[in-house]
Each structure stands twice: as C-alpha cells, then as structure tokens.
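Labels below follow one simple rule: chain letters A, B, ... track the order of the sequence lines, proteins then strands, and each chain is numbered from 1.
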Protein chains: 2
Amino acid sequence: MAAVRSAARLAVASRADNRLPLILDAAARFFAEKGFGFTSMRDIAGMAGMLPGSLYYHFASKEELLVAVYAEGVRRIKAAVAPALAKAGDPWARLENVCAAHLEGLLEDSDYGQVVIRVRPDDAPEVAARLVALRDEYERTFAQAIQALPLPSRTDRRALKLMLLGALNWSQTWYRSGKDSPQTLARRFVRLLRDPLDA
Amino acid sequence: MAAVRSAARLAVASRADNRLPLILDAAARFFAEKGFGFTSMRDIAGMAGMLPGSLYYHFASKEELLVAVYAEGVRRIKAAVAPALAKAGDPWARLENVCAAHLEGLLEDSDYGQVVIRVRPDDAPEVAARLVALRDEYERTFAQAIQALPLPSRTDRRALKLMLLGALNWSQTWYRSGKDSPQTLARRFVRLLRDPLDA
DNA sequence: TTCCAAAACAAACAGTTGTTTGGTATGATG
DNA sequence: CATCATACCAAACAACTGTTTGTTTTGGAA
C-alpha cells in the first residue's frame with residue numbers, strides 16, 4: 001500500500017508525506033468535535049486543503065484513518081502521563097499528577113487525545129479490535145499508578161481503576177473549559193479517595 | 001402537529017397511536033446499539049414494520065424522535081431509582097441501591113436507559129438543549145442520594161457526584177453482561193468510597 | 001534534460017440519507 | 001349510511017456518503 005512510506009529509505013524526507021500530518025490534524029479535529037459518524041471525508045479533505053479522493057492515497061479507508069488518529073492520540077496521552085508516572089515520591093501525589101495529565105490530554109490539550117475517549121471502537125467495526133487494543137495499552141500504563149498506592153489489602157484495585165478512569169473519561173461530557181482546571185479536578189477526585197484513609 | 005394526540009379527548013384510546021410505542025421501541029433499540037448517527041429512519045421503520053415516510057406522521061424529525069426516546073429513558077431510570085431512594089435506613093446502603101438501579105437501567109434493563117447515556121446531546125444539535133435538560137433532571141434525583149451521606153464537612157459533594165456518576169456511566173464502555181452484575185459493581189464502587197471512612 | 005515515482009487532481013460511481021408529497025385504507029362518529 | 005380525521009402507503013426528492021478510476025502535476029535522481 002502506498003501509505004507505507006518510503007521514508008524508511010533514509011533521511012531525505014523530500015516533500016513526501018508533507019500533507020499527511022495536515023490530514024491527521026484535520027481528521028483529529030473533526031473526530032474530536034463531531035465524532036466519527038458525523039464526520040465526512042469531505043470535511044477532512046476540505047480542512048486539509050485537498051480533494052476527498054486524495055485522502056485515499058494515504059489511507060485505505062475512513063476507518064484506517066481513524067486508526068491512525070487513535071494511535072497518535074494514545075501516543076500523546078501516554079507521553080503526557082509518562083513524566084508524572086516516572087517521578088518518585090508519594091504515590092498519591094503521583095496518581096494525582098497522572099490524573100491531571102490524563103485530563104489535560106482529553107479535555108484541553110489536543111484533539112487526538114479527545115478522539116481516543118470520544119470515539120467508540122464499535123463505530124468502526126472493521127478496525128474495532130485494533131482500537132480496543134490501543135485503549136488497553138494505555139490503561140495498563142494508568143493501572144501502574146494505582147498499583148503503587150498504599151492501600152488496605154482488602155481494597156479492590158481493579159474496581160478502583162475502573163471507577164477513577166471512568167470518572168475522568170466521563171468528564172468530557174460535562175467539562176467546560178475556563179472553569180475548574182484539569183489539575184483542580186484531579187486533586188478533587190483523588191482526595192475523595194485518599195482523605196478518608198488518612199483519618 | 002399531528003403528533004399531539006387527540007387522546008386528551010378522553011378515554012376511548014381507539015386504535016389511534018397503536019404503533020407509536022412500536023416506533024419508540026425500535027428507535028430505542030437502534031439508538032442504544034448503534035448510536036444516533038449510525039441509525040437511519042429506514043432502520044427504525046423497518047423494525048416497526050412500516051415505511052420510512054410514515055414515521056413523519058408521528059415525529060417531525062429524527063431529532064424529535066430522539067427526544068421522545070430520551071424522555072422515556074429518563075422516565076424509566078428515574079422510576080427504577082425512585083424506590084431505592086425512598087427507602088429509609090442507612091444512607092450508604094441507599095446510595096448503593098440507587099447505583100445498582102442506575103446501572104441496571106443503563107446496562108441491562110431497557111434500551112431507553114442506554115440511549116440516555118450513550119447518545120450525546122450534541123449529536124442532535126437542534127434539540128441538544130432539551131436533551132441536556134432531561135439529563136440534568138435525573139442528575140438532581142441522583143444528587144439526593146449523595147446529599148444524605150454522613151460525610152466529613154470538608155467533603156466536596158459535588159465532586160463526589162460527578163465522580164460516582166461518571167464511573168457508573170462510563171461502565172457502559174467496558175461492561176460485559178454475564179460477568180459482574182450491576183449490584184456487585186455498585187457495591188464495589190460504593191465500598192471504595194465508604195470503607196476508608198469506617199476505619 | 002530526461003525520467004520516474006510520489007502525490008495530488010478531476011470526475012464520477014452506486015448507494016444511502018432525512019424528508020416531502022399526494023394518495024388511500026380504516027375505524028369511530030354524526 | 002355518510003363523513004372525516006387518523007394513520008399509513010407509495011414514490012420520489014435533492015443532498016450527501018465512502019470510494020474508485022484515470023489523469024496530471026511535481027520534485028528529486030540519473
């Protein structure tokens with residue numbers, strides 16, 4: 001397939017693939033704002049300044065384009081969370097920072113991150129499995145922050161992960177930029193879990 | 001508009017509106033399973049055993065049909081939660097039952113409940129405001145169960161509501177029927193918030 | 001300067017979308 | 001029995017969908 005770039009053939013980087021990032025950006029923006037189903041290839045092509053058919057030089061289908069955006073989204077969220085996760089110190093503080101980074105990724109920062117949370121894998125049946133795999137990949141990253149917490153042995157950490165991650169992801173529904181910052185929200189949520197333990 | 005039923009004119013109930021529930025059921029099923037955007041009026045009409053154009057006798061548009069399903073969904077979830085909310089006793093136990101009822105509504109019970117959680121108001125721009133109002137209406141019901149909790153005065157109850165409701169609603173993403181029941185999940189989630197307080 | 005593959009255009013394809021319009025069976029009402 | 005609104009059918013509408021095909025431009029390599 002042509003989408004496999006010849007860039008492997010070293011350096012030069014010519015003009016080749018020049019507009020591919022443009023396509024991805026446009027797709028990410030539309031997928032994030034209107035969802036997968038309500039976005040047309042013409043929307044994307046228009047914003048990228050090209051014709052609809054031209055997209056098929058880079059991607060075999062609309063769903064494959066979604067996969068590319070999705071993958072980039074996961075990459076970015078992971079990259080945003082990684083530093084917070086790496087830093088040593090209080091595991092609770094680390095979790096709070098991880099949550100804050102996670103929230104920034106899906107609320108403010110980039111369209112790519114929003115796509116990962118907003119678009120349901122079943123919306124693209126042909127590639128659904130790959131999308132789920134990408135999500136899971138990230139969730140394992142997030143789970144590390146939970147594992148590190150000093151909790152009573154009876155605590156159900158899996159449930160904790162599902163609860164916290166669900167709370168964070170769902171915030172996309174009610175969050176309005178300009179009010180509480182992602183940092184503030186992360187602090188509030190983590191405190192609800194932590195404070196009672198300190199007493 | 002014809003959709004305003006003449007039923008107000010007392011009792012008889014003739015054959016009029018006979019297939020309207022059928023339409024709503026079909027729409028609810030499709031909206032719940034494929035989402036609003038991926039459902040066509042032909043899908044719905046087909047399942048209801050009629051022609052696409054006929055739907056417009058009952059509803060002025062696809063979006064208006066969504067409003068009707070949405071409203072019914074909120075009605076049902078509220079009805080499912082109401083008994084749990086009314087019962088006297090331990091506020092924590094009550095919250096757990098409320099959560100269980102909520103989960104059943106959007107995971108197992110009815111397509112209507114699933115629609116309320118699954119379909120984003122912005123998917124139907126023309127009626128988005130009305131859909132949001134319907135959601136809010138229910139959330140106020142849910143908030144009552146939170147208000148009744150015996151919590152340290154410093155606790156942010158609004159954040160608690162957002163966290164718990166988000167965790168519950170997001171479960172639609174990962175829940176697979178047959179494994180943990182809604183009741184079990186509700187217990188696990190509520191315990192994560194309560195148990196630390198008891199110590 | 002010639003050549004070639006990359007990258008895009010231009011135009012169409014067949015199918016689907018929400019919706020409209022005009023006609024028609026039906027069952028209750030006078 | 002005649003009437004009439006209700007509830008539906010039948011058929012089409014224009015617009016839009018993802019995608020394909022053949023052709024053209026382009027920039028770097030030989």
A:Y57 atom OH is separated from D:dG22 atom P, nearest whole Å, by 18 Å

Using a distance-only test with no angle check, is there a side-chain donor-acceptor pair under 3.5 angstrom linking A:Q183 and A:E104?
yes

When you measure from the side-chain N and O atoms of B:S54 to the phosphate of D:dA7, is any distance below 4.0 Å, counting only OP1 and OP2?
no

On DNA chain D, more 5' by nearest nucleotide between B:G53 and A:G37 is B:G53

Of the listed nucleotides (D:dC8, C:dA8, D:dT19), which one gets closest to any side-chain atom of A:M41?
D:dT19

State whether a side-chain donor-acceptor pair under 3.5 Å links A:Q172 with B:R120.
yes

Side chain of A:Y56: nearest nucleotide among D:dC9, D:dC8, D:dT19?
D:dT19

What's the closest nucleotide to the A:M50 side chain, out of D:dT6, C:dC9, D:dT17?
C:dC9

If you measure from CZ on A:R118 to NZ on A:K34, what distance do you get to the nearest 0.5 Å?
10.0 Å

Measure from the side chain of B:R42, starting at C-beta and using heavy atoms only, and say which of D:dA12, D:dC8, D:dT19 lies closest.
D:dA12

Could you please name the option among C:dA8, D:dC8, D:dT19 that lies closest to any side-chain atom of A:H58?
C:dA8

Just the rounded figure in Å: distance from P of C:dG18 to CD of B:E64.
15 Å

Are A:Y56 and A:M41 packed together at the side-chain level, in the sense that at least one heavy-atom pair is separated by less than 4.5 angstrom?
yes

Could you check how far CZ of B:F38 sits from P of D:dG18, rounded to whole Å?
10 Å

With the side chain defined as heavy atoms from C-beta on, A:S40 is closest, among C:dA7, D:dC8, D:dT17, to D:dT17

Under the salt bridge (charged side-chain N to carboxylate O under 4.0 Å, His left out) criterion, do A:R135 and A:E139 qualify, and how do the steps go?
CA-CA 6 Å; A:R135 270 196 188 178; A:E139 288 206 16; over 6 Å; no

Mind calculating the distance between CG (A:L66) and P (D:dG18) to the nearest angstrom?
12 Å

Between CG of B:L22 and C1' of D:dA7 the distance, given in whole Å, is 14 Å

I need the CD1-C1' distance between B:I23 and D:dC9, as an integer number of Å.
13 Å

For atom CZ of A:R19 and atom C1' of D:dT26, their distance in whole Å:
12 Å

Return the nearest nucleotide to the side chain of A:L51; candidates are D:dC8, D:dT17, C:dA10.
C:dA10

From CZ of A:F30 across to P of D:dG18 the rounded distance in Å is 12 Å

